[in-house]
Amino acid sequence: RDSSAGSIGGMGLLLLSKGIQKEGNKVLADSYKEVAFKIVDSLIDNYMITKVKSGQGILREGMYHRDEGFNESTSWGDYYFLECIQELLS
């Protein structure tokens, strides 16, 4: 598992949704946006740290190295997680 991959993938789907909507395919754009929403919802329910300490990240179970850096908070995972939330709320 890698929560950072989920947040990055969710943001990618939102960017695809915007581009596809500009091309006029609202149905496909909405389906991408719906999947991104489900990813963010899953990240909130399963990976978000609810009792954050100073210096701690937002999402747990991120990965920066397969053998040594797993089950960590990552700055890129947290960044794209917040970007997804911002995009879904706008």
- Which atoms form the tightest heavy-atom contact between S17 and A29, and what is the distance? OG-O, 2.7 Å
- Quick one: closest heavy-atom pair of G62 and S3, and the distance? N-OG, 3.4 Å
- Do any N or O atoms from the side chain of D78 and from the backbone of G57 form a donor-acceptor pair under 3.5 angstrom? no
- Does the S7 side chain pair with the main chain of G77, one donor and one acceptor, at a distance under 3.5 Å? yes
- Message: Just verifying a value: how many Å separate L28 CG and L16 CG, rounded to the nearest 0.5 Å?
- Response: 8.5 Å
- Note on the structure: Closest non-hydrogen contact found for G6 with L43 is C-CD1, 4.1 Å
- Spacing of CG belonging to D45 relative to NZ belonging to K38, to within rounding of 0.5 Å: 13.5 Å
- Note on the structure: Here the gap from Y32 atom OH to N25 atom CG, rounded to the nearest 0.5 Å, amounts to 9.0 Å
- What closest approach, in Å, do Q56 and K51 show between heavy atoms, and which atom pair accounts for it? OE1-O, 3.6 Å
- Gap separating the CD atom of E87 from the CG atom of L15, nearest 0.5 angstrom: 7.0 Å
- What distance separates F37 CZ from S42 OG, expressed to the nearest 0.5 Å? 11.5 Å
- Between CD on residue E72 and CD on residue E61, distance to nearest 0.5 Å: 11.0 Å
- Item | Residue Y47 excluded, over 12 heavy atoms near OH under 6.0 Å | yes
- Note on the structure: Closest non-hydrogen contact found for M63 with D2 is N-OD1, 3.1 Å
- Would I58 and M48 count as a side-chain contact (heavy atoms from CB on, under 4.5 Å) if you check the C-alpha gap in whole Å, the side-chain angles of each, and the deciding distance to 0.1 Å? CA-CA 6 Å; I58 299 168; M48 195 167 92; 4.0 Å; yes
- Query: So which heavy atom on I85 is nearest to which on V40, and how close?
  - Reply: CG1-CG1, 3.9 Å
- Step by step, would you call K33 with Q21 a side-chain contact (heavy atoms from CB on, under 4.5 Å)? CA-CA 10 Å; K33 191 171 185 177; Q21 184 146 3; over 6 Å; no
- Query: Can you name the one residue among I8, I44, I39 that meets side-chain contact (heavy atoms from CB on, under 4.5 Å) with F81?
  - Reply: I44
